[in-house]
Amino acid sequence: GGVQNAGLAYYWYSVAAKNGDAQAAEMAAGLAATLSPAERAAKDAEVAAWTVQSADPIANELAPAS
């Protein structure tokens, strides 16, 4: 029941495909047909600019019990 966003899904599938996920490449290709050429070009530029970032170790820490 959530809001669907084909552009955002295309972006993340494309990032995964860029990193070698063949199934994600297929999903991105399917979604590409639902986007306008301008939206696809914008998302492709975002994917090209995406870089791996180091994980924040604090993000995986449990909050202290209160």
Side-chain angles (χ1 to χ4, degrees):
V3 175
Q4 295 181 359
N5 184 328
L8 188 58
Y10 174 78
Y11 170 81
W12 284 115
Y13 281 128
S14 296
V15 167
K18 178 180 175 179
N19 287 288
D21 186 322
Q23 185 176 14
E26 293 174 16
M27 297 297 290
L31 285 166
T34 69
L35 304 176
S36 70
E39 186 176 12
R40 183 173 178 195
K43 292 300 177 188
D44 287 342
E46 290 177 35
V47 170
W50 183 88
T51 59
V52 175
Q53 297 178 359
S54 298
D56 181 357
I58 295 174
N60 292 317
E61 293 294 321
L62 295 175
S66 36

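Keep in mind that what you see is a predicted model, and the values were worked out from it rather than measured. For this chain, numbers begin at 1 and follow the sequence in order. Basis for what follows: all heavy atoms, side chains included, without hydrogens, waters or symmetry-related copies.
Across Ala24 and Ala16, no two heavy atoms sit closer than the pair CB-CB, 3.6 Å.
The side chain to side chain donor-acceptor pair (under 3.5 Å) pairs that include a residue from residues 17-35 number zero, where partners must be two or more places apart or lie in different chains.
Grouping Ile, Leu, Val, Met, Phe, Trp and Tyr residues whose side-chain heavy atoms lie under 4.5 Å apart, directly or via other members, places Tyr10 in a hydrophobic cluster with Tyr13, Met27, Leu31, Leu35.
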